[in-house]
Amino acid sequence: MAFQKPSHTFTKIHLKALHTNNFKILFALSFTVFINTLSFAQDIPKKGKTIERSEETLTINADSIIAPELSEKSQDTTLTDSVKPKKELLEHTVKYHATDYTRFNKTEHRLYLHNEASIDYGDMNIKAGTIIIDYTNNTVHAKGITDTINGYTQKPVFTQGSNVVEPDSIIFNTKSKKALIYNSQTEQGEGTVIAKVTKKQNDSVYFLKEAKYTTAEDLDDPEYYFRLRKAKIVPGKKIVTGFTNLYIYDVPTPVALPFGFFPQSEKQTSGIIIPSFGEQNNRGYFLQNGGYYFAISDYVDLAVLGDYYTNGSYGMRLESTYAKRYKFRGNVGFRYENLINSERGFPDYSRNTIYNLRWSHSQDSKASPNSRFSASVNLGSSKYYRNSINQINSGSFLNNTLSSSVSYSKTFLGEPSVNFSLTATHSQNTNTETINMTLPTFQGSVGRIYPFIPKTGTKKGLFQNINLQYSVRGENRITTTDEFFFKSEMFDDARAGFQHSIPLSTNFKLFKYFSVSASTNYNEVWTFKTEKETYNAAEGKAETETLNGFDAFRTYNFSTSLGTTVYGMFNFEKEGKDRKIKAIRHVMRPSVSYNINPAFDKYYESAEVVNADGLTQGELDAIYEGVDLEYTRFQNGIFGSPNKTFSSSMGISVSNNLEAKVRDKDSTAKEAKKIVLLNNLNFSTSYNFAGDSLQWSPVRMSGGTQFFNNKMSVNFGATLDPYALDNNNQKIDKFNIDNGGSLFRLTSANLTTSWSISSKNGKSRDKSNDRGIQENIRSGGRDDDMFGVSEDFANQQFSEEGEESDGAENGLYSYSIPWSLRIAYAVNYSNSRRENQISSHSLMFSGDVKLSDKWSIGYSSGYDLKNAGFTYTQLRFERDLKSWRMNFSWIPFSDRTSWNFFIGIKSSMLKDLKYEKRRQPDITL
């Protein structure tokens with residue numbers, strides 16, 4: 001019997017989008033295979049006859065498919081052909097199934113599969129309530145089943161691999177390879193396209209009619225969407241639409257475009273960054289943070305941003321992020337602002353240029369275990385953060401220091417190991433504008449060597465523990481100011497040198513309970529600049545001349561220490577009584593150290609007296625007696641100068657730790673609960689045996705503890721001086737107690753505490769990953785929000801997904817209000833010269849209040865208790881609008897009074913659809 005010859009090949013019709021980085025493929029469908037699959041060799045039933053079967057499996061090969069024309073003329077056809085046969089179309093087993101029936105109608109030339117119908121071929125599968133294959137019209141129609149109870153059920157589901165499409169129905173023409181898809185929902189990029197009718201023109205072009213594009217999660221009732229009346233889609237590339245406008249809860253808005261273009265690339269793409277706009281009183285209207293994003297490659301990108309003010313001020317930012325998996329990652333940024341105050345011709349007119357350079361680089365530990373490169377750079381104008389008018393720097397203007405470090409280190413394994421590192425450092429005081437740099441610092445060391453270690457067993461005793469090391473440190477140190485930064489003058493006073501150190505040490509036990517350590521250290525310093533000092537007799541002052549050339553000095557010292565640990569236990573339990581406090585344990589670690597530093601006066605000499613013509617011998621003798629002319633040519637060296645006087649001193653220190661065992665509130669607990677009363681309480685002082693006066697140094701006390709399950713930490717310190725003051729408030733060589741006072745004078749004290757608390761049903765939110773906090777850290781600021789955070793809402797990613805709701809299911813209100821509060825308190829007391837005053841006294845606080853799942857309030861402020869005034873204050877309001885977000889930040893007072901309002905879509909692809917209004921602070925430079 002003759003069979004119909006398959007005449008079509010695989011054709012893609014609909015493929016559910018895979019969610020890649022940003023953009024996905026829209027549609028792909030494939031049904032031709034099912035036509036070919038079901039053209040199988042079997043007895044065609046007579047008209048009206050129904051074949052019912054639950055499942056059949058059929059394997060088709062070339063022998064079972066014979067064209068009708070060929071079968072009719074088979075007697076006259078050559079059985080061999082020199083043309084190589086084509087690859088067979090079907091290579092897999094075909095399975096089809098229907099719960100109710102599988103029926104072939106010979107008159108209509110249709111195959112019907114009804115109720116839970118499915119067809120499998122390779123990795124492709126189609127399931128639907130009903131599948132109809134029409135051989136006459138070359139169409140496949142898959143649809144659901146409608147009944148009066150459940151409505152429309154068993155909608156078609158087409159699956160190929162991991163791709164899934166779920167429309168209401170599908171009609172596919174196997175000859176033209178075109179398809180009509182009704183009421184489909186398909187992921188496209190970060191959003192979803194919901195289309196009433198989709199026409200597949202070919203594998204790469206689709207046309208939509210009356211479609212919606214949205215990033216909402218609730219696709220049955222999206223809170224917003226773009227209405228696409230007519231659109232064309234090129235999968236993986238773009239969506240082009242005619243007139244489109246924004247709908248919010250099915251209400252049209254005037255936000256519309258005559259045509260729209262949505263790029264749908266699977267890779268990062270370059271594009272324009274829409275700026276924010278606003279107004280400032282003394283600089284006019286402005287555009288801020290607008291520019292262009294360059295997607296250079298998969299490993300590096302670049303954002304070029306700019307600001308412009310109508311009074312002529314402008315700014316520029318270059319931000320780049322780079323990464324290579326398992327190798328390294330980092331970011332680099334350069335910021336520049338040219339700020340103009342007032343108008344040209346007015347007395348208060350001024351122009352100021354500020355800049356800032358930041359670079360952060362980290363290396364993956366797996367990339368090279370024996371070498372490492374890292375960088376953390378933050379340098380530029382000292383007044384940059386204070387004078388910058390870009391909102392992104394609002395949380396960093398209180399920074400007092402800028403610091404940088406770029407380092408490379410390498411270890412050569414062996415016995416002993418050898419290490420070296422090269423580091424460039426930078427430290428900048430933004431108040432004094434003083435800059436200290438090392439370009440570079442070289443450090444090398446050889447691992448510890450034990451010359452008397454036994455070949456077997458562990459090392460014990462005085463001799464076996466003797467060890468020595470070698471280390472070298474070289475520096476090129478530069479001190480300059482903002483005025484000469486990055487100019488040739490900054491190198492004029494640069495100083496370079498090397499310091500070699502060889503420590504020899506050992507340790508052992510004494511009388512079983514005492515630990516003894518002893519060490520001696522040899523130092524050699526090389527320098528390339530020395531000084532020659534002369535005394536100008538005519539002008540009565542010393543003059544210094546810098547000499548270039550190699551020179552060196554050598555020193556050594558000796559030290560030893562003796563320490564032990566004493567444990568004390570105070571039990572409060574008595575037989576038959578269960579007390580809340582069961583015991584207190586006191587751990588005390590006293591230690592005594594002794595240091596000898598010889599005098600190296602051979603490196604000291606007397607300054608030459610010059611311009612002494614005309615002076616008598618008596619006048620010269622008076623100069624020598626009245627002026628200290630002794631100096632060393634190594635003074636002001638980067639590694640110090642050799643000791644001039646002999647030093648022999650003893651150090652005494654005691655550290656304490658207190659812990660308590662208390663009854664656990666949990667009655668089922670078998671062991672007592674341990675709590676810390678004092679983490680540490682330390683006392684230290686020293687006595688100089690070689691000194692002529694003031695031999696005792698002040699006693700320094702420090703301590704710290706924690707309360708409330710480690711939520712509150714307290715640290716304190718004080719300095720106690722045993723010597724008295726005279727009437728001029730100068731320290732004298734007389735004990736204070738012998739001068740009619742107490743045993744010690746309290747010369748300084750400090751107390752700092754921080755407390756993080758939250759409601760019972762809330763958590764103190766960890767903000768370490770927030771974009772605003774990270775911006776503060778990169779700018780050299782605090783790692784919390786005590787001084788506020790960046791207000792660049794348009795570039796901020798808000799992601800608090802996954803947090804559990806504390807309120808009603810709809811998230812609009814809450815019967816409980818989670819909150820968190822962070823408090824920092826600091827006070828400093830000074831009384832070194834009978835000032836008896838509080839030098840600083842401040843309280844800082846910040847926190848969050850979550851009014852509902854959608855509403856939250858944040859705040860940062862402080863109060864200066866000494867000067868009776870509030871410090872920098874920032875109020876933040878956030879509203880989660882599902883697919884949108886709204887933010888409002890307000891600085892209510894101070895010279896930086898400002899506010900910033902923002903509303904925009906969360907999706908990164910549509911983040912430029914936003915509205916931002918701000919009132920910037922009127923900063924006068």
Side-chain angles (χ1 to χ4, degrees), residues 272-292 303-319 333-358 378-400 402 428-433 435 481-487 775 779-781 787-788 790-795 872 874 889-902 916-925:
I272 296 173
I273 300 174
I274 305 300
S276 302
F277 62 91
E279 180 184 6
Q280 191 178 27
N281 289 346
N282 59 351
R283 290 185 177 85
Y285 294 98
F286 64 81
L287 294 175
Q288 204 172 84
N289 297 326
Y292 199 84
V304 180
L305 305 171
D307 311 330
Y308 181 75
Y309 297 77
T310 53
N311 80 324
S313 299
Y314 62 89
M316 181 184 68
R317 284 199 296 135
L318 303 177
E319 302 285 346
F334 177 75
R335 301 178 181 182
Y336 174 88
E337 293 183 33
N338 182 39
L339 306 179
I340 298 175
N341 283 322
S342 186
E343 298 289 341
R344 189 180 297 273
F346 285 84
D348 57 345
Y349 173 83
S350 65
R351 181 188 295 267
N352 186 29
T353 300
I354 55 177
Y355 67 94
N356 178 258
L357 174 65
R358 301 190 308 181
N378 183 22
L379 57 84
S381 303
S382 294
K383 295 181 179 179
Y384 175 78
Y385 290 109
R386 194 167 303 171
N387 293 345
S388 173
I389 55 179
N390 194 302
Q391 294 289 92
I392 197 173
N393 297 314
S394 59
S396 307
F397 83 100
L398 292 175
N399 293 356
N400 293 323
L402 304 178
Q428 186 171 349
N429 188 308
T430 60
N431 292 324
T432 63
E433 300 185 5
I435 301 173
T481 61
D482 267 20
E483 181 182 0
F484 302 113
F485 200 27
F486 288 129
K487 296 180 181 179
E775 178 64 29
S779 300
F787 290 159
S790 170
E791 297 178 19
D792 187 18
F793 299 129
N795 197 29
Y872 180 73
Q874 185 186 63
S889 175
W890 180 32
I891 301 174
F893 45 80
S894 80
D895 57 352
R896 302 186 70 89
T897 301
S898 61
W899 55 264
N900 186 2
F901 173 79
F902 172 88
E916 190 168 11
K917 181 69 174 177
R918 48 175 82 165
R919 193 269 187 194
Q920 282 198 302
D922 299 324
I923 303 175
T924 301
L925 307 180

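One-based numbering along the sequence shown. Predicted model, so just to flag it, every value in this text is computed and none were measured.
- No hydrogens or angles considered: a donor-acceptor pair under 3.5 Å links the side chains of R386 and N431.
- A distance of 11.0 Å separates OG in S894 from CD in Q874, rounded to the nearest 0.5 Å.
- Note that the CZ atom of R344 and the OH atom of Y349 stand 3.5 Å from one another [nearest 0.5 Å].
- Using a 4.5 Å heavy-atom threshold, the side chains of Q280 and N311 count as separate.
- The structure places OG of S382 at 10.5 Å from CG of N356, a figure rounded to the nearest 0.5 Å.
- Side-chain atoms of T353 do not come within 3.5 Å of backbone N or O of N338 as any donor-acceptor pair.
- Side-chain atoms of S898 never come within 3.5 Å of backbone atoms of I891 as a donor-acceptor pair (strictly under, hydrogens ignored).
- Looking only at atom types and distance, the side chain of Q428 has a donor-acceptor partner in the side chain of D482 under 3.5 Å away.
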key: side chain to side chain contact (heavy atoms under 4.5 Å, CB included) between K383 and N352, worked out   = CA-CA 10 Å; K383 295 181 179 179; N352 186 29; 5.5 Å; no
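- Counting only N and O atoms by type, the side chains of N341 and S350 include a donor and acceptor under 3.5 Å apart.
- F334 pairs by the ring pair (Phe, Tyr, Trp, His ring centres under 6.0 Å) definition with nothing, not counting sequence neighbours.
- From E337, atom CD reaches atom CG of N390 across 6.0 Å, with rounding to the nearest 0.5 Å.
- In this structure, R335 and R358 have side chains that are in contact, with non-hydrogen atoms separated by less than 4.5 Å.
- What you find for Y355 and F486 is that their closest heavy atoms are OH-CD1, 3.6 Å.
- Listed by chain and number, the residues in a side-chain contact (heavy atoms from CB on, under 4.5 Å) with I273 are Y293, A303, L305 (sequence neighbours excluded).
- Considering only residues two or more places apart in sequence or on other chains, F286 meets the ring pair (Phe, Tyr, Trp, His ring centres under 6.0 Å) condition with Y309.
- Looking only at distances, a side-chain donor or acceptor of D307 sits under 3.5 Å from a matching main-chain atom of N289.
- In this structure, N378 CG and L402 CG are separated by 5.0 Å, a value rounded to the nearest 0.5 Å.
- Checking side-chain atoms of Q288 against main-chain N and O of G278 turns up no donor-acceptor pair under 3.5 Å.
- The side chain to side chain contact (heavy atoms under 4.5 Å, CB included) test with N400 singles out one residue from T430, N429, T432, and that residue is T430.
- Atom OG of S313 and atom OH of Y308 lie 9.0 Å apart (nearest 0.5 Å).
- More than 12 heavy atoms of other residues, nucleotides or ligands shown are found within 6.0 angstrom of OH on Y292.
- Atom CZ of F346 sits in a sparse spot, with 12 or fewer heavy atoms from other residues, nucleotides or ligands closer than 6.0 Å.
- Minimum interatomic distance between P275 and G290 (heavy atoms only, all atoms of both residues): CB-CA, 3.5 Å.
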